[in-house]
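I have placed the structure first, in the form of structure tokens, so that the comments after it can refer back to it.
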Amino acid sequence: MATIGIGVGVTKLQQPHRPKSKSLFLGQRLRIRPFWGEPQCSERRLFGVSNPPRVVQVFALGGGEWLDTVHNLFVGVGVGLPCSVMQCGDVIYRSTLPKSNGLTLTVPGVILALGTLSYLWATPGVAPGFFDMFVLAFVERLFRPTYKKDDFVLGKKLGEGSFGVVYRVSLANKPSSKEGDLVLKKATEYGAVEIWMNERVRRACASSCADFVYGFLESSSKKAAEYWLIWRFEGDATLADLMQSRDFPYNVETLILGEVQDLPKGLERENRIIQTIMRQILFALDGLHSTGIVHRDIKPQNVIFSEESRTFKIIDLGAATDLRVGINYIPKEFLLDPRYAAPEQYIMSTQTPSAPSVPVATALSPVLWQLNLPDRFDIYSAGLIFLQMAFPSLRSDNSLIQFNRQLKRCDYDLVAWRKTAEPRSELRKGFELLDLDGGIGWELLKSMVRYKARQRLSAKAALAHPYFVREGLLALSFMQTLRLQLLRATQQDYSEAARWVIQLMAKSGTQKDGGFTEAQLQELREIEPKKKASAPRNALASALKLQRKIIRTIRTLNESMDELTRRRKSFWWSRWIPREE
Ligand SMILES: Nc1ncnc2c1ncn2[C@@H]1O[C@H](COP(=O)(O)OP(=O)(O)OP(=O)(O)O)[C@@H](O)[C@H]1O
């Protein structure tokens with residue numbers, strides 16, 4: 001059999017057939033019957049001997065054996081697992097055993113398989129990502145219609161942003177198509193990113209965002225090459241337009257239900273409409289986040305009302321980042337609207353380097369996601385939208401900027417802000433609305449607008465918040481109250497608790513009694529010891545200076561590497577964007 005690889009196995013040679021360790025020597029040939037196989041023996045060469053009963057061996061594996069090894073790993077009968085699992089041993093021992101027939105499921109094997117599966121499916125989803133990229137994307141390309149520049153007739157300009165111009169357009173050669181039923185964005189910078197994100201969204205969570213039709217690179221004109229992006233026309237109004245109306249939120253009720261409700265106007269009714277809007281925004285965000293996309297520019301201007309589905313959808317994925325593969329993830333660069341941006345500004349810790357190569361980024365994505373919880377950036381912005389909907393006087397840009405300043409002064413503590421703002425008459429209506437049903441709305445707002453990303457709710461958790469799940473009429477049911485308590489418990493700041501435990505240990509502890517000494521606590525708290533002027537201190541200062549210099553050099557080097565990687569990467573994935581012939 002042709003040898004295609006080398007394997008390492010740890011087996012326990014068991015009594016009474018185990019040879020004495022003295023009788024074994026390195027390189028000795030052992031004839032061992034493969035524990036996965038039929039009677040023919042494969043030859044293994046003894047590589048090293050630990051204190052018996054374990055023997056480390058290196059052996060050659062043929063093609064078929066590799067397949068069996070992988071199979072055995074997952075059913076727990078294979079290379080590397082302990083003897084209790086493998087039932088292995090030397091040839092004499094094995095030959096006396098009954099031949100195993102069929103699949104043997106073992107507890108470690110099942111745990112290993114389940115652990116691997118949960119990792120591969122954890123947000124942002126390594127396994128679904130591979131399937132999406134290498135199967136769905138290709139299949140979609142085969143069946144989807146393609147367009148070119150001449151297929152469109154330009155209509156009214158809808159908007160002009162920093163990265164492109166948006167027009168309402170219709171198809172030139174399709175008499176059946178409605179007048180202006182498409183939207184075209186001619187984008188320069190970030191156009192390729194937006195095509196990538198929209199294609200991903202269309203495959204993974206189409207209902208979250210405006211319906212994307214096609215995107216391509218148009219380089220036929222004399223102007224610089226432009227990316228053309230086509231969507232279905234969703235509707236005339238964004239949430240920002242609707243919120244500017246004096247009739248908000250009743251104007252939205254008409255849009256969602258198609259008719260005016262025969263109910264008296266008042267806080268209760270307004271609260272229900274705002275609840276519906278928030279649920280739709282969070283639902284769309286949950287779709288994006290579950291697939292590894294963070295929008296980074298959530299604001300009322302980027303939430304559009306879809307007339308066809310009667311729901312709110314998200315638009316403008318130009319600043320979005322796909323953390324499944326690390327596209328458009330540039331931690332040191334901020335592309336954000338300061339009015340709606342979370343205080344952390346970066347969605348990933350600044351310690352996290354720029355995304356590595358695609359396979360590595362993909363493999364590590366669940367770990368990085370859990371470490372940084374980047375989706376909470378969008379949750380903060382959605383919280384501010386909630387706040388603006390509840391407080392009519394905070395809907396203008398200026399008042400929102402003022403609010404942001406006040407909140408910053410209160411260390412991003414909404415409760416502290418409320419204490420200062422409650423006497424203001426223009427804010428009273430908002431507080432009354434949020435205080436309905438025992439303050440459940442205020443509770444949700446507090447869990448979204450928090451300084452620490454880790455303490456903010458995820459979109460999924462926010463959707464499960466009792467604010468949305470109202471079983472009773474006004475009062476909360478017993479189950480809802482319980483769920484609320486659970487939510488509150490999980491939202492606690494555990495760093496405070498850790499600090500408290502350290503304090504407690506300081507009071508009760510000496511090294512002898514098993515506690516910590518003051519000196520050890522000093523280390524734990526990372527408090528610099530009191531400075532003393534001395535020669536060693538001068539040496540320390542120079543060492544620190546040198547260290548800072550080295551860090552600066554490394555940072556510069558890193559930045560150049562980042563730049564190189566970015567260029568290489570933009571080359572890599574721009575191959576996916578179709579070009580006009
Ligand atoms: N699918 C759509 N259906 C209807 N209108 C749309 C659609 N997509 C975009 N628009 C309209 O075009 C406007 C601009 O879109 P978009 O925000 O994507 O462009 P932009 O160039 O990124 O703008 P900005 O930089 O200001 O955010 C939106 O405010 C909206 O009114």
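In what follows, residues are counted from 1 in the order of the sequence shown. Counting convention: from 1, in listed order, for ligands and their atoms alike.
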Could you go through residues 206-213 and list every donor-acceptor pair under 3.5 Å that involves a side-chain atom there, pairing it with any protein atom two or more places apart or in another chain?
| from | atom 1 | to | atom 2 | distance (Å) |
| --- | --- | --- | --- | --- |
| S208 | OG | A284 | O | 3.0 |
| D211 | OD2 | R232 | NE | 3.4 |

*Quick one: does NZ or CZ of R168 land under 6.0 Å from the six-membered ring centre of F233, within 45 degrees of the ring axis?*
yes
_Per-atom contacts of ligand 1 with G235, taking only distances under 4.0 Å to non-hydrogen atoms_ = 4 (C), 5 (N)
*Heavy-atom distances under 4.0 Å are what count here, so tell me which part of N302 touches ligand 1: side chain, backbone, both or neither.*
side chain
*In terms of atom number and element, which parts of ligand 1 are under 4.0 angstrom from non-hydrogen atoms of I304?*
3 (N), 4 (C), 5 (N), 6 (C)
*Do any nitrogen or oxygen atoms of K185 lie less than 3.5 angstrom from nitrogen or oxygen atoms of ligand 1?*
yes
_Check ion pair R418-D435 (N to O, under 4.0 angstrom)_ = yes
*Consider every N or O of E234 and every N or O of ligand 1, then say whether any pair is closer than 3.5 Å.*
yes
*Return the orientation label for the F152 and Y147 ring planes: parallel under 30°, perpendicular over 60°, tilted otherwise.*
tilted
*Close side-chain approach of E160 and V166, heavy atoms under 4.5 Å*: no
_Can you confirm whether more than 12 heavy atoms, excluding those of E308, are under 6.0 Å from its CD atom?_
no
_Ligand-residue contact atoms, ligand 1 with W231, heavy atoms, under 4.0 Å_ = 1 (N)
*Using the six-membered ring wherever Trp is involved, compare the ring planes of F403 and W417 and label them parallel, tilted or perpendicular (cut-offs 30° and 60°).*
perpendicular
*Would you say R232 touches ligand 1, if touching means a heavy atom closer than 4.0 Å?*
yes
*Which one of I315, V166, I230 has a non-hydrogen atom at the shortest distance from atom 28 (C) of ligand 1?*
I315
*asked:* Any nitrogen or oxygen of D316 lying under 3.5 Å from a nitrogen or oxygen in ligand 1? Just yes or no.
replied: yes
*May I ask you to list the atoms of ligand 1 that are less than 4.0 angstrom from any heavy atom of A210?*
1 (N)
*Distance under 6.0 Å and angle within 45° of the ring axis: does K265 meet both against Y250?*
yes
_Can you tell me if G318 contacts ligand 1 (heavy atom of the residue under 4.0 Å from the ligand)?_
no
